Amino acid sequence: MRPKRLALLGSTGSIGTQVLQVVAELAGRFEVVGLSAGRNVARLAEQCRTFHPQAVSVVDEEHAEALRREPGLEGVAIHTGEAGLRTIATWPDADLVVVGVTGALGLQPLLAALEAGKDVATANKEPLVAAGELIMRRVRAHGGQFLPIDSEHSAIFQVLRGEDRANVRRLLLTASGGPFRGWTKEQLARVTPAQALAHPTWKMGPKITIDSATLMNKGLEVMEARWLFDVPVDRIEVVIHPQSIIHSLVEFVDGSVLAQMDYPDMRTPIQFALTFPERCPSRRRSLELTTAGPLTFERPDVENFPCLGLAYEAARAGGTWPAVLNAANEVAVQRFLEGEIGFLDIPQAVGAALDRHDGQSEPTLEHILAADAWARAEVRSW
Ligand SMILES: NC(=O)c1ccc[n+]([C@@H]2O[C@H](COP(=O)([O-])OP(=O)(O)OC[C@H]3O[C@@H](n4cnc5c(N)ncnc54)[C@H](OP(=O)(O)O)[C@@H]3O)[C@@H](O)[C@H]2O)c1
């Protein structure tokens, strides 16, 4: 069997490096034909020497220049900027495009990959939040596989295999609750970026780690699930499960509830997406139920973590509101990480942007991009 040829966007990030670990673990199954990074030239160069892609992309010409000075990269075509991301996303030799960049930055390359008829596996949830309907329309029009990597969505995707979607009563998304579960407003007001970056069960990039601490991540995932599985948001519920062993559940009309379980390790959903429709053996440890528990569940605290409620509101409003929620949150998280605003200012800033937005109900891509740009400017000056 010829190896599946991969183009990987965001290869130097948390998802990207784990995708390449899976590729290395399943030696011979994959060929890496394209990689894209932002600014981490040293890591990208190392990946090129190991995986020998035909082409790569970095954020700008300065980083391309630095990459050209690295040894062992002869014959690798180097692209830059957003055009470079699109070039890798549509690389002619790629069978499967894996999207591991963070933020709405992934939207245009994702659309380009789908339009080029590629199979796509994505961890990058923000494009689905901002433009889920447009993306799913493009998936249907071009007929490639569209595979989730996010662990909750991979869980639901696995549980739904072979099931009639009409028989789904509810989706139950699990959430660890983040590092501040049970904290009061007074405690949350004093949270520092360093505290928020210490996630109890998952090791991830900075943006999603802050989103997990505010519960915005779960709100974004509700919207991601809404589009991936075509289930209205009011039939998608969030349950706090601090051990992160059950990755999500589906309740069917007969009352059966099916779950997918494993230790929290992104390589499992990544491997499933890369090898789909096959399952391949892995050497990761088997789940030991007698020591993994006790498994506990509780309701999310929507009073002290208002981001989850804001996400439901934006999802119900539809149109350009989800794009505004997402872009406002991206900038608010960045400002929190830079020490400019407090932890509790994140939902305040996002809520203010949603309140002030004069939205479109059936947006085109241009409307969505304009709403995204408007919300970023709004929160930068908040
Ligand atoms: N990490 C997880 O476990 C996890 C789990 C589920 C879902 N997700 C989702 O997966 C996505 C990626 O998350 P992550 O945690 O892997 O993020 P991350 O560690 O921050 O990695 C982001 C990647 O995007 C690249 N990048 C950043 N800015 C760029 C730019 N302007 N142009 C081109 N590339 C750029 C980075 O490159 P440089 O580092 O080279 O600058 C890096 O390769 C997010 O949407 C997240 O919500 C992540």
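None of the values given here were measured: they were computed from a predicted structure. As the structure lists them, so they are numbered: ligands from 1, and atoms in each ligand from 1.
Grouping Ile, Leu, Val, Met, Phe, Trp and Tyr residues whose side-chain heavy atoms lie under 4.5 Å apart, directly or via other members, places Ile245 in a hydrophobic cluster with Leu172, Val239, Ile246, Leu249, Val257, Met261, Tyr263, Leu287, Leu289, Leu295, Phe297. Val253 belongs to no hydrophobic cluster with other residues, because no ILVMFWY side-chain heavy atom falls under 4.5 Å from its own, directly or through intermediates.
A donor and an acceptor atom, one from each side chain of Asp262 and Gln260, are nowhere located under 3.5 Å apart.
Judged by distance alone, the side chain of Lys218 and the main-chain N or O of Val238 form no donor-acceptor pair under 3.5 Å.
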Go through it in stages, so that I can follow the logic: the residues are Glu298 and Arg181, the test is side-chain contact (heavy atoms from CB on, under 4.5 Å), and I'd like the CA-CA distance, side-chain angles, deciding distance and then a yes or no. CA-CA 11 Å; Glu298 51 196 76; Arg181 186 172 55 90; 3.2 Å; yes
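Applying the ring pair (Phe, Tyr, Trp, His ring centres under 6.0 Å) test to Phe272 and every residue at least two apart in sequence or in another chain returns Phe276.
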Ligand 1 polar-atom proximity to protein (N/O, under 3.5 Å):
residue	atom	partner	partner atom	Å
ligand 1	1 (N)	Ser14	OG	2.9
ligand 1	10 (O)	Ala123	O	3.3
ligand 1	15 (O)	Gly205	N	2.8
ligand 1	16 (O)	Ser14	N	3.2
ligand 1	16 (O)	Ile15	N	2.8
ligand 1	19 (O)	Ser14	N	2.9
ligand 1	37 (O)	Thr12	OG1	3.2
ligand 1	37 (O)	Gly38	N	2.9
ligand 1	39 (O)	Thr12	OG1	3.4
ligand 1	40 (O)	Thr12	OG1	2.7
ligand 1	40 (O)	Gly38	N	2.9
ligand 1	40 (O)	Arg39	N	3.1
ligand 1	40 (O)	Asn40	N	2.9
ligand 1	41 (O)	Arg39	N	2.8
ligand 1	43 (O)	Gly10	O	3.2
ligand 1	43 (O)	Thr12	N	3.4
ligand 1	43 (O)	Thr12	OG1	2.8
ligand 1	43 (O)	Gly13	N	3.1
ligand 1	45 (O)	Asn124	ND2	3.1
ligand 1	45 (O)	Glu126	OE1	2.7

